[in-house]
Amino acid sequence: MLEVNSVAKRVIVWCLVLQAIIFQGDSVESGDVRFSIMLKNEMFGLKRPTVVYRCKSSEKSLRWHQSYIKTEFTWDFEVPPFGNGVIIHQCHFMSSQGTADVIIKTLSMTSILCGGHVCKYVIRPNGIYFVGFETYYPHNVFLRFVELVRPVNKLVEPWKAWSPRQLKELRAERNRTRSEDDKEYDEDDKEEQN
């Protein structure tokens with residue numbers, strides 16, 4: 001009788017242990033895939049290498065950033081798993097070279113092309129580049145159904161020169177700001193003289 005009770009106790013204990021393991025396994029969520037986008041300023045050889053940019057998506061809007069040469073800016077976001085959702089970032093860049101509008105589409109499968117979960121974009125004097133990998137199909141007859149990956153520095157968007165209208169508005173804005181600053185300095189000088 002004692003032997004039957006000890007076997008029953010062992011069976012009950014093992015059932016409870018297995019049940020706890022099963023519940024823990026079911027509670028693991030298959031959440032979204034974490035990604036980062038990194039923007040790096042490589043505007044070498046220019047008198048004014050600073051770049052101002054802003055990126056936004058349906059979930060998040062980032063403020064304007066002023067980027068100096070060799071600086072990096074990174075932000076994190078999540079993408080739905082299994083390639084069933086796309087996160088689109090629209091980025092607007094302004095520099096001494098002009099303006100550029102870049103649309104960055106990210107799927108959960110993009111990690112193959114980014115070389116991990118950080119997608120890198122580089123700002124250069126002739127435009128915005130994607131630095132990562134691209135898929136290609138060899139032209140060989142025997143390998144034409146094979147998809148291969150190779151490293152790439154790909155120009156995504158060249159700079160568009162500033163239009164005369166944009167330049168006129170920027171100069172007017174700058175002159176307005178300067179005249180307001182001059183008024184403040186004049187008022188300070190009058191107060192010091194009295």
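Hydrophobic clustering of Ile, Leu, Val, Met, Phe, Trp and Tyr side chains at less than 4.5 Å, counting indirect connections, unites Y53 with F77. If you chain together hydrophobic residues whose side chains sit under 4.5 Å apart, L107 and I88 fall into the same group. Residues V152 and I104 share a hydrophobic cluster, clusters being chains of Ile/Leu/Val/Met/Phe/Trp/Tyr side chains in contact below 4.5 Å. Transitive grouping of hydrophobic side chains (ILVMFWY, heavy atoms separated by less than 4.5 Å) keeps V122 and L62 in distinct clusters. Clustering ILVMFWY residues whenever any of their side-chain heavy atoms sit less than 4.5 angstrom apart, transitively, puts I123 in the very cluster that holds L46.
Within the 4.5 Å cutoff, no side-chain heavy atoms of Q90 are placed close to those of D101. Two residues are said to be in side-chain contact when any heavy atoms from C-beta on lie closer than 4.5 Å; Y129 and E42 fail this criterion. Side-chain contact between R124 and N153 is present, with at least one heavy-atom pair separated by less than 4.5 Å. At a threshold of 4.5 Å between non-hydrogen side-chain atoms, the residues K40 and K120 count as touching. Side chains of Y136 and R150 form a contact here, defined as non-hydrogen atoms less than 4.5 Å apart. For the pair Y121 and C91, the minimum side-chain heavy-atom distance is 4.5 Å or more.
No more than 12 heavy atoms of other residues, nucleotides or ligands sit less than 6.0 Å from atom NZ of K56. Within 6.0 Å of NZ in K154 there are 12 or fewer heavy atoms belonging to other residues, nucleotides or ligands.
Atoms SG and CZ, on C119 and F35 in that order, are 5.5 Å from each other to the nearest 0.5 Å. Atoms CE and CZ, on M43 and R48 in that order, are 10.5 Å from each other to the nearest 0.5 Å. Residue I37 holds its CD1 atom at 4.5 Å from CH2 of W75, rounded to the nearest 0.5 Å. Here W64 contributes atom CH2 and H92 contributes atom NE2; the two are 4.5 Å apart, rounded to the nearest 0.5 Å. One distance of note links OG1 of T106 with NE2 of H117; it measures 12.0 Å at 0.5 Å rounding. Taken to the nearest 0.5 Å, the CH2 atom of W159 stands 10.0 Å off from the CG atom of N126.
A pairwise comparison of heavy atoms in T74 and S36 identifies CG2-CB, 3.8 Å as the closest pair. Taking both residues in full, the closest heavy atoms of A100 and P158 are given as CB-O, 4.1 Å, listed atom of the first, atom of the second, then distance. Closest of all the heavy-atom pairs between N41 and P49 is ND2-O, 3.0 Å. Taking both residues in full, the closest heavy atoms of C114 and F130 are given as SG-CE1, 4.3 Å, listed atom of the first, atom of the second, then distance. F44 and P125 make their closest contact through O-CG, 3.6 Å (heavy atoms, listed as atom of the first residue, atom of the second, distance).
Side-chain contact of S61 with R54: a donor-acceptor pair under 3.5 Å is present, judged by distance alone.
Using a distance-only test at 3.5 Å, with no hydrogens or angles considered, a donor-acceptor pair links the side chain of K60 to the main chain of D76.
Between F73 and H65, the ring planes are tilted. Angles from 30° to 60° get that label.
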